[in-house]
Amino acid sequence: MPATQLNLNQIFKQYIERKSIFRNKESLTDHYMPDHILHREREIKQIAETLAPSLRGEKTSNMFLFGTVGTGKSVSMKYVASELEKASENVRILYVNCKMKKVSDTEYRLLAELTRKLGLFVPPTGLPTDHIYNMFFNALDSRKQSVILVLDEIDVLIEKAGDEILYNLTRINQELKNAKLSIIGISNNTTFMNDIDPRVKSSLSEEEIIFSPYNANQLKDILGERALDAFNENVLEEGVLSKCSALAAQEHGDARRALDLLRIAGEIAERSGALKIGTEYIDMAEERLDMDRVEEIVKSQPRQSQSVLSAIIKLTEDGHQNIQTGDVFVYYEKICRQCAIRPLTQRRISDLVAELDMLGVINARVISRGRYGRTREITIPSNKAITGRIKKILQERSLF
DNA sequence: GTCAATTCACATGAAAGAGACCACGGTCTAGTG
DNA sequence: CTAGACCGTGGTCTCTTTCATGTGAATTGACGA
């Protein structure tokens with residue numbers, strides 16, 4: 001038996017025998033539906049009141065839910081939706097997350113998905129769009145019912161497929177004989193409303209609900225409740241929840257982030273064989289999340305931008321202080337020559353540096369140094385582990 | 001010592017060019033009846 | 001005969017360059033006390 005296999009068996013055996021600190025890890029993921037939702041009573045009531053007429057078969061107002069990530073928009077909506085469906089057989093909720101690639105790309109795909117949800121078979125491609133419109137329409141109008149269409153992350157849909165589809169959907173009501181259709185858009189981007197057709201805009205936002213970020217205390221309540229379900233007893237050390245919620249509150253009150261922190265802290269603790277989660281694991285989790293985020297960004301950057309980043313890291317490692325755009329450009333040109341990349345102009349590099357700053361991969365601030373000109377002063381965040389990770393990614397692409 | 005003018009090293013804007021990408025209509029081709 | 005492959009065309013979008021203008025404090029140099 002090869003040595004590696006033996007080791008694996010040991011690992012598995014240990015894994016089974018070890019007492020897990022998780023009871024139900026699911027409840028820390030963002031698709032988990034809690035039994036009741038904390039600190040969103042007002043919003044839930046408002047949604048429910050807006051949608052209640054559907055129980056009597058009346059048309060409800062179209063509605064828009066706004067709020068930054070992790071403020072409970074989707075959960076609240078789903079909660080009301082499921083309660084509504086329980087309350088009446090004539091109410092149907094079609095929930096679509098437009099971020100899912102297979103749904104959001106085109107008008108056709110969205111309609112196909114919706115029609116499928118109404119129980120019809122639709123081929124993934126091949127039918128003309130107006131044909132599928134008819135299918136959707138007929139399926140909708142086949143019986144007396146209130147259909148509530150929830151478009152989560154609706155901004156993604158508009159960006160890719162245009163606002164025409166919304167216009168068509170809002171008009172469909174005028175032709176329906178039996179059914180009623182109302183549309184609910186959910187978005188974390190408040191500005192995208194500006195560049196959609198005003199007719200669509202006014203008909204969609206008959207009702208608007210803003211979800212404000214949670215504060216640290218509210219986050220703590222939410223975490224506390226989920227943690228009760230997620231972990232076995234006496235696993236969490238004192239102060240862990242407070243720390244988690246404080247960190248997440250700094251990041252615009254993002255509950256998803258708070259849950260991620262807690263879950264990853266748990267995973268790290270479990271893997272290292274700990275029986276309890278202390279605050280130090282939260283720190284580790286935060287670093288992990290940061291690292292993953294930066295890694296994701298760096299990987300997805302175009303080659304030119306990666307070269308710029310490489311130049312900045314090289315300059316820093318060579319011990320340069322007060323790195324300026326001009327320095328970066330010189331190093332960048334060198335790298336381009338080595339890697340046979342056509343160098344861009346300094347003008348463009350200036351923009352790329354600004355972009356990297358925006359993404360939080362580097363810090364760059366514009367300073368004026370009097371006689372010695374105006375430039376950006378560039379530094380990289382002093383986290384060795386993350387910088388190391390970035391270097392490795394750049395090396396894999398032979399840019400370092 | 002004071003104050004306005006000068007200077008540096010880019011930042012920032014606007015406009016135009018290059019190239020990738022996509023929808024759309026027309027043509028061709030192979031398979032079917 | 002028709003569905004699907006293939007191809008050219010025009011339009012759109014994104015990235016980049018070119019040209020032009022803006023920026024803010026250290027420095028400079030004239031001027032007056």
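Per chain, numbering begins at 1; letters A, B, ... match sequence-line order.
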>> Given A:I184, which partner from the list A:L51, A:N62, A:T50 fulfils the side-chain contact (heavy atoms from CB on, under 4.5 Å) test?
In response: A:L51

>> From CZ of A:F329 over to C1' of B:dA11, roughly how many Å is that when rounded to an integer?
In response: 15 Å

> Atom CZ of A:R365 and atom C1' of B:dA9: how far apart are they, to the nearest Å?
Replying inline: 16 Å

>> So if I take every side-chain heavy atom of A:R347 and compare against B:dA11, B:dA14, B:dA9, which nucleotide ends up nearest?
In response: B:dA14

>> Could you tell me how far apart A:I323 (CD1) and B:dC10 (P) are, to the nearest whole angstrom?
In response: 13 Å

>> Are A:F66 and A:F211 an aromatic pair, judged by ring center distance below 6.0 Å?
In response: no

> Closest nucleotide of DNA chain C for A:R374 versus for A:R369: which of these residues is on the 5' side?
Replying inline: A:R374

> A:I349 has an atom CD1; how far is it from atom P of B:dT12, in whole Å?
Replying inline: 15 Å

> Under 4.0 angstrom, heavy atoms only, what part of the nucleic acid is A:R342 near: base, sugar-phosphate, or nothing?
Replying inline: sugar-phosphate

>> Quick test of your reading of the model: are A:D260 and A:R256 salt-bridged, counting only N-O distances below 4.0 Å?
In response: no

> In whole Å, what is the span from the CZ atom of A:R371 to the P atom of B:dT6?
Replying inline: 12 Å

>> Tell me whether the side-chain N/O atoms of A:S350 come closer than 4.0 Å to OP1 or OP2 in B:dA11.
In response: yes

>> Distance check, rounded to the nearest 0.5 Å: A:E355 atom CD versus A:I349 atom CD1?
In response: 10.5 Å

> Can you check whether A:R376 has a side-chain N or O nearer than 4.0 Å to OP1 or OP2 of B:dT12?
Replying inline: yes

> How would you give the extent of chain A contacts on DNA chain C, as first and last nucleotide 5' to 3' within a 4.0 Å heavy-atom cut-off?
Replying inline: C:dT16 to C:dT28

> Roughly how many Å is it from CG in A:L352 to P in B:dA11, rounded to a whole number?
Replying inline: 12 Å

> Same cluster for A:L149 and A:Y95 if Ile/Leu/Val/Met/Phe/Trp/Tyr side chains link at under 4.5 Å?
Replying inline: no

> Taking the inter-plane angle between the rings of A:Y331 and A:H320 on a 0 to 90° scale, is it parallel (under 30°), tilted (30 to 60°) or perpendicular (over 60°)?
Replying inline: perpendicular

> Out of A:D221, A:T279, A:L236, which residue meets the side-chain contact (heavy atoms from CB on, under 4.5 Å) rule with A:L241?
Replying inline: A:L236

